[in-house]
Amino acid sequence: GKRLPADCAERAVRKAADILRLILTTYDFSAPGLQGLPVLFNPRTTQAWGKAVTQMFESAVDPTARARYLAKPDNLEVMRDFTQHGGLMGTSELYEAMQQGFMAGKTKGPVIGQLSRLASHSTSPFQRAFDTFGDIARVEGYKSMRVLAKNDEALTVVAEYMNKATGMFNSQRLGVSSGQRAFESFVLFSPRYNRAGAALVKDVFTGNIRGQLARESLTSFLAWGLVSYIAISKLVGEEPRLDPRPISAGGDGASFMTW
């Protein structure tokens, strides 16, 4: 049927936000050091992080690398179990602009269409690398952590944890309206990534395996952050500033954990 003006406006807002994210984040291999940090710093999933990094670089030069890795019988079984329990796979919001047509050459106009196709070709290795890192990290992390689950409900919690730990979040499943999702995409750089992080912190205060996984993740992340800060401070010849009290009380104030 004919689209309503509100629907068209919503699609335009979402596409503009996707394009902005694409321009700002496409040409790098930063996923392991951003979305992947909770996976790296959790001892249960550190090995998964390493495998994901290896496959990320392989997929950048070989378009079939991710598919071949996931098609291995043991990985395929884990991936199916992961997705059946709520695990998310595939393209992240950072590359939605491509799948919405902007980078698929579907934009009207011959010049814009050619530029779109050229951009899609030049960014595809980075897109593959980014998506591969996330997929492999989630599957391998789920593989190493599902032994903690005693039942199907706990398996769902583990799958959701791996989603959050890699910045993936299904806002629609949470009940967030399409209009609100479009608004958040426009005003926030990466709303689902932000929601995933916030949900992981919220889980710290819950019980059972959900809280256990979140607390382990946050504790490991903070511990590694503290150790890294102290080590870098020593390397650059600075004394670590670890007293959060105000300067008037003899602490470091706003200089806390800075150089």
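At a threshold of 4.0 Å, the pair R138-D135 counts as salt-bridged, since one of the basic side-chain nitrogens sits closer than that to a carboxylate oxygen. In summary, E77 and R80 do not engage in a salt bridge, as defined by a charged side-chain N under 4.0 Å from a carboxylate O.
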Item to check | Pair Y69-E58, side-chain contact (heavy atoms from CB on, under 4.5 Å): steps then yes or no | outcome: CA-CA 10 Å; Y69 187 87; E58 286 191 15; over 6 Å; no
Cut-off 3.5 Å, no hydrogens considered: what does the side-chain donor-acceptor table look like for residues 231-241, sequence neighbours left out?
{"residue": "S233", "atom": "OG", "partner": "Y229", "partner atom": "O", "Å": "2.8"}
{"residue": "S233", "atom": "OG", "partner": "W259", "partner atom": "NE1", "Å": "2.8"}
{"residue": "R241", "atom": "NH1", "partner": "T258", "partner atom": "O", "Å": "3.1"}

Tabulate below the donor-acceptor pairs under 3.5 Å that side-chain atoms of residues 40-47 make, not counting sequence neighbours, or state none.
{"residue": "N42", "atom": "OD1", "partner": "R44", "partner atom": "N", "Å": "3.0"}
{"residue": "N42", "atom": "ND2", "partner": "Y161", "partner atom": "OH", "Å": "3.0"}
{"residue": "R44", "atom": "NE", "partner": "E216", "partner atom": "OE1", "Å": "2.8"}
{"residue": "R44", "atom": "NH2", "partner": "E216", "partner atom": "OE2", "Å": "3.0"}
{"residue": "T45", "atom": "OG1", "partner": "V39", "partner atom": "O", "Å": "2.7"}
{"residue": "T45", "atom": "OG1", "partner": "N42", "partner atom": "O", "Å": "3.3"}
{"residue": "T46", "atom": "OG1", "partner": "L40", "partner atom": "O", "Å": "2.8"}
{"residue": "T46", "atom": "OG1", "partner": "N42", "partner atom": "O", "Å": "3.0"}

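Counting heavy atoms from C-beta on, the side chains of N75 and K143 come closer than 4.5 Å. The closest side-chain heavy-atom distance from I136 to V53 is not below 4.5 Å. Looking at heavy atoms from C-beta onward, M89 lies in side-chain contact with F82 at the 4.5 angstrom threshold. Between V227 and I230, every side-chain heavy-atom pair lies at or beyond the 4.5 Å cut-off.
Tracing side-chain contacts under 4.5 Å through hydrophobic residues (I, L, V, M, F, W, Y), one reaches L76 starting from Y142; they form part of the same cluster. In terms of hydrophobic clustering, with Ile, Leu, Val, Met, Phe, Trp and Tyr side chains grouped at heavy-atom distances under 4.5 Å, M162 and F221 are assigned to a common cluster.
For A52 against A137, the heavy-atom pair with the smallest separation is CB-N, 3.6 Å. Counting all heavy atoms, side chain and backbone alike, F133 lies closest to P32 at CZ-CA, 3.6 Å. Closest approach of D81 and H85 over heavy atoms only: O-ND1, 2.8 Å. Here the closest non-hydrogen pair linking L242 and P244 is O-CD, 3.4 Å. Residues T132 and Q55 come closest through the heavy atom pair CG2-O, 3.6 Å. A60 and P125 make their closest contact through O-CB, 3.3 Å (heavy atoms, listed as atom of the first residue, atom of the second, distance).
The backbone N or O of M56 sits less than 3.5 Å from a side-chain atom of S59, completing a donor-acceptor pair. In terms of modelled atom types and a separation under 3.5 Å, the side chain of R210 and the main chain of V157 share no donor-acceptor contact. With N163 contributing its side chain and G86 its backbone, the two residues share a donor-acceptor pair below 3.5 Å. Between the S217 side chain and the L213 main chain, no donor and acceptor come within less than 3.5 Å of each other.
Take T64 and apply the side chain to side chain donor-acceptor pair (under 3.5 Å) test, not counting sequence neighbours, and it matches D62, R68. With sequence neighbours left out, the side chain to side chain donor-acceptor pair (under 3.5 Å) criterion links D252 to no other residue. For Q84, the side chain to side chain donor-acceptor pair (under 3.5 Å) criterion is met by no residue, not counting sequence neighbours.
The hydrophobic cluster containing L218 also includes V204, F205, L222, under a criterion of side-chain heavy atoms closer than 4.5 Å among ILVMFWY residues, counted directly or through chains of members.
Within 6.0 Å of the CG atom in D74, the count of heavy atoms belonging to other residues, nucleotides or ligands exceeds 12.
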